Amino acid sequence: MQVFGDIERGEDVAAIRAAIARNLEKAFAMPPGLARHERLVAAFIRTGELVQGLLDEAFEKDGIDEWSPLQDAGARLLRIEADAIIESWRSGFESGQSRDPLWPDLLERLAGSGTVRFRQPEGYAFYAVYPESYAEAACGSGLPASTVVIGIRSIGTGLAAMVSAALGAAPAFSLRPHGHPFERCVAIGPALTRRLLASRDRPYAIVDEGPGLSGSSFGSVADWLERNGVDRARIHFFPSHDGDPGPKASETHVRRWKERPHHVVTADALLLDPQTSTLRSMVSEVAGARCTGWRDISGGTWREVDGLQDRPRPPADAQFERRKALFESEADGRRNCFLVKFAGLGEIGTAKARRGGRLCEAGFAPRIVGTCHGFVVQQWVETAPTPITALPRQQVLDHLARYLGFRARHLPAGGQGAGLGDLCDMAVYNLGEAFGEELAEQVRRLARRNGRPSRMLRRIDSDNRLHAWEWLVTRGGDLVKADALDHNGAHDLVGRQDIAWDVAGAAVEFDLSASERRYLADAVGRMADGNLDDDVLALCEACYLGFQAGLWSMALDRAHTEERAPIAALLSRYRRRAGSLFDDRDC
């Protein structure tokens with residue numbers, strides 16, 4: 001199924017350098033504390049993106065990774081930032097490293113063409129991969145300061161700096177495996193080769209997130225080391241999880257992975273260990289009251305929380321759910337609950353918190369209490385037992401219109417999204433795989449007829465998840481969107497879209513009739529200063545159904561027995577909706 005997508009963007013090099021400089025200047029001027037630590041991590045992530053983008057630009061030009069002043073400056077600057085993060089972390093945010101006089105010059109040396117392209121580090125954005133985890137893993141590895149540390153681009157660029165800093169090793173090297181995703185290889189120039197192999201009797205640490213389906217990025221670097229005389233017994237892996245490579249891994253890579261140590265400290269061990277209670281302490285600081293307890297509600301377990309467990313059980317897909325927990329606090333004899341959800345490290349999470357604040361002010365989302373190192377803290381909503389589907393239909397339509405109209409008018413796009421052609425290709429493939437070739441052919445004809453929509457599509461900060469179970473009816477009778485912050489920035493190919501995408505999504509998820517969809521489209525169009533015509537809506541609805549069919553078909557394949565029934569029922573509803581979409585159309 002075609003579901004996943006990598007978010008790639010281009011930015012001005014000078015603007016990125018200026019943003020990094022501002023963050024570092026402010027961080028080094030701040031007193032020790034969580035806010036200072038978060039600013040250091042934000043600068044570190046942006047530096048990693050810039051270094052990765054510039055090195056990949058050189059790789060594409062030359063076809064090899066080679067030692068250069070650019071690689072040297074990037075590695076040294078990341079090492080300075082990593083040292084500052086580690087000192088702050090180990091002190092419990094109570095001490096901070098002074099300003100290193102070398103960093104402005106190193107940052108200035110990270111020059112390149114006017115614009116650099118890079119991919120968003122997925123681990124920092126979606127999967128709660130923390131730089132501090134790699135420092136803790138390095139401390140527990142027993143490796144000496146003589147270790148040669150190699151980071152795999154993209155995210156490994158920065159993570160390797162954390163490992164080298166924690167070990168007291170030399171600044172890390174950076175490599176870009178290339179080729180088929182399941183059969184990666186590396187191309188390394190002579191100068192960099194000499195530095196990597198200067199003394200083959202030292203340990204080697206290979207650093208990246210993953211491993212994924214094949215583990216071939218890790219494997220390609222280890223392959224190269226062994227081919228060049230490094231004993232396998234000297235190779236160590238630093239991944240983001242303690243599982244094995246996936247089913248596409250070669251026998252050689254799996255065998256080596258099992259033979260050699262992989263040093264891991266997970267986000268759970270880093271933040272939720274009962275002995276340290278790091279996340280609980282951070283949430284207590286943000287909430288202004290001591291948190292007395294918490295429970296993990298990730299992976300669909302949020303459905304078991306009081307007030308939600310008596311409602312119809314919706315489907316859940318653990319792979320696409322963010323890490324989340326429910327925290328409780330007491331102040332002045334009053335009990336408070338907070339939803340603490342991973343939203344992304346650095347600027348990603350703070351941007352989502354700002355979005356949530358605007359939606360809260362408009363009455364559409366829960367109150368944002370604050371952020372704490374990648375997590376957004378929201379007030380937990382006490383719900384009534386009534387689901388939104390039990391409310392009068394007109395009330396629901398009018399509320400959907402106000403909500404989508406607000407997003408269209410007040411939340412402009414802050415990122416990229418798939419083009420209409422790519423969405424149509426995805427829908428054709430997914431619907432054909434999930435529901436049969438006849439539906440796929442109907443989408444092809446619809447796309448050919450409406451490939452150039454009569455209205456100009458305008459990207460906004462779209463919601464992208466209009467499922468009925470996402471809406472909560474409060475005990476006071478208000479309607480609140482429970483998950484409105486980040487689905488247009490998920491690890492998929494959709495991204496930011498025109499408001500027509502959300503109108504189509506609402507039509508599917510609430511099973512709107514043609515007249516109801518027209519009513520909603522007209523109401524939203526009036527608030528958004530634009531008209532949504534039926535051809536555009538039909539095409540968006542077909543693409544939305546194609547994406548959801550692919551998403552939930554994959555979820556069904558990996559679901560446990562008790563989770564299969566609600567997912568299968570949802571897919572059956574999507575099949576019926578897709579069929580009815582074309583019943584009255586000349587496609």
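Just so it is clear, the values below take in all heavy atoms, side chains as well, and ignore hydrogens, waters and symmetry mates. Predicted model only: the values in this text are computed from it and were never measured.
Aromatic ring centres of Trp552 and Tyr574 lie farther apart than the 6.0 Å criterion allows. For an aromatic pair to be called close, the ring centres must be under 6.0 Å apart, and Phe375 with Phe342 satisfies this. In summary, the aromatic rings of Phe547 and Trp501 are positioned with their centroids too far apart to meet the 6.0 Å limit.
Listed for the Thr115 side chain is no donor-acceptor partner under 3.5 Å among the backbone atoms of Asp12. Side-chain atoms of Ser329 never come within 3.5 Å of backbone atoms of Thr292 as a donor-acceptor pair (strictly under, hydrogens ignored). Judged by distance alone, with hydrogens and angles left aside, the side-chain atoms of Ser553 form no donor-acceptor pair with the main-chain N or O of Gly550 at under 3.5 Å. At least one donor-acceptor pair closer than 3.5 Å links the side chain of His241 to the backbone N or O of Gly243. A donor-acceptor contact shorter than 3.5 Å links the side chain of Arg564 to the backbone of Leu556. Side-chain atoms of Asp502 never come within 3.5 Å of backbone atoms of Leu404 as a donor-acceptor pair (strictly under, hydrogens ignored). Although no hydrogens or angles enter the test, the distance criterion places a donor-acceptor pair under 3.5 Å between the side chain of Arg459 and the main chain of Arg496. In this structure, the side chain of Arg313 does not engage the main chain of Pro566 through any donor-acceptor pair within 3.5 Å. A donor-acceptor pair under 3.5 Å is formed between the side chain of Arg303 and the backbone N or O of Gly300. Within the 3.5 Å criterion, the main-chain N or O of Pro121 finds no donor-acceptor partner in the side chain of Gln52.
Between Val536 and Ala500, the closest heavy-atom pair is CG1-CB, 3.9 Å. The minimum heavy-atom distance linking Cys372 with Met282 is given by the pair CB-CB, 3.9 Å. Residues Ala504 and Leu537 share a closest heavy-atom pair of CB-O, 4.0 Å. Taking every heavy atom of both residues into account, Gln416 and Arg9 meet most closely at OE1-CA, 3.9 Å. Shown here for Pro366 and Val480, the closest heavy-atom pair between the two residues is CD-CG1, 3.4 Å. Across every non-hydrogen atom of Leu512 and Arg577, the tightest pair is O-NH1, 2.8 Å.
Note on Glu509 versus Arg465: no salt bridge recorded, every NZ/NE/NH1/NH2 to OD/OE distance being 4.0 Å or above. A salt bridge between Arg526 and Asp522 is absent, with no side-chain N of the basic residue lying under 4.0 Å from a carboxylate O of the acidic one. A salt bridge links Asp483 and Lys341; the closest N-O separation between the charged side-chain nitrogens and carboxylate oxygens is under 4.0 Å. Under the 4.0 Å criterion applied to side-chain N and carboxylate O atoms, Asp461 and Arg407 are assigned as salt-bridge partners. Remark: Glu328 does not engage Arg280 in a salt bridge, criterion side-chain N to carboxylate O under 4.0 Å. Checked for salt-bridge contact, Glu438 and Arg444 miss the test: no charged N lies under 4.0 Å from a carboxylate O. The pair Asp498-Arg458 does not meet the salt-bridge criterion, since no charged nitrogen lies less than 4.0 angstrom from a carboxylate oxygen. Between Arg36 and Glu38 no salt bridge is recorded (no basic side-chain N to carboxylate O distance below 4.0 Å).
Asp268 and Thr266 share no side-chain donor-acceptor pair at under 3.5 Å. There is no side-chain donor-acceptor pair under 3.5 Å between Tyr124 and Glu49. Using a 3.5 Å distance cut-off with no hydrogens or angles, the side chains of Asp398 and Tyr519 do pair a donor with an acceptor. Trp302 and Glu321 are linked by a side-chain donor-acceptor pair at a separation below 3.5 angstrom, with hydrogens and angles left out of the test. For the 3.5 Å distance criterion, the side chains of His487 and Glu470 fail to qualify, holding no donor opposite an acceptor. His491 and Glu122 form a side-chain donor-acceptor contact under 3.5 Å, judged by distance and modelled atom types alone. No hydrogens or angles considered: a donor-acceptor pair under 3.5 Å links the side chains of Arg323 and Ser298. Inspection of the His399 and Gln394 side chains reveals no N or O donor paired with an N or O acceptor under 3.5 Å.
Each of Val340, Leu339, Ile368 was checked for a side chain to side chain contact (heavy atoms under 4.5 Å, CB included) with Val377, and the lone residue meeting it is Val340.
By the 6.0 Å contact criterion, CZ on Arg573 is enclosed, its count of non-hydrogen atoms from other residues, nucleotides or ligands being greater than 12. More than 12 heavy atoms of other residues, nucleotides or ligands lie within 6.0 Å of CD in Gln395, so this atom counts as buried by the packing criterion.
Taken to the nearest 0.5 Å, the CG atom of Leu420 stands 10.0 Å off from the CG atom of Asp425. Taken to the nearest 0.5 Å, the CG atom of Leu466 stands 6.0 Å off from the NZ atom of Lys481. Of the inter-residue distances, the one linking Phe435 atom CZ with Gln442 atom CD reads 13.0 Å to the nearest 0.5 angstrom. The OH atom of Tyr544 sits 8.5 Å away from atom CG of Asn464, with the distance rounded to the nearest 0.5 Å. Here the CG atom belonging to Leu345 is positioned 11.0 Å from the OG1 atom belonging to Thr371, to the nearest 0.5 angstrom. Separation of atoms OG1 (Thr474) and CG (Leu479) is listed at 8.0 Å; rounding is to 0.5 Å.
In this structure, the side chains of Tyr403 and Val524 stay at 4.5 Å or more apart for every pair of heavy atoms. Counting heavy atoms from C-beta outward, Gln2 and Asn430 have side chains that approach closer than 4.5 Å.
Between Phe406 and Phe364, the ring-plane angle classifies as tilted under the 30° and 60° cut-offs.
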Audit row: Glu361, Arg354, salt bridge (charged side-chain N to carboxylate O under 4.0 Å, His left out) steps and yes/no: CA-CA 11 Å; Glu361 290 173 2; Arg354 288 194 297 270; over 6 Å; no
task: With salt bridge (charged side-chain N to carboxylate O under 4.0 Å, His left out) as the test, would you mind laying out the steps for Glu285 and Arg290 before giving the verdict?
output: CA-CA 8 Å; Glu285 180 180 334; Arg290 187 176 68 88; over 6 Å; no
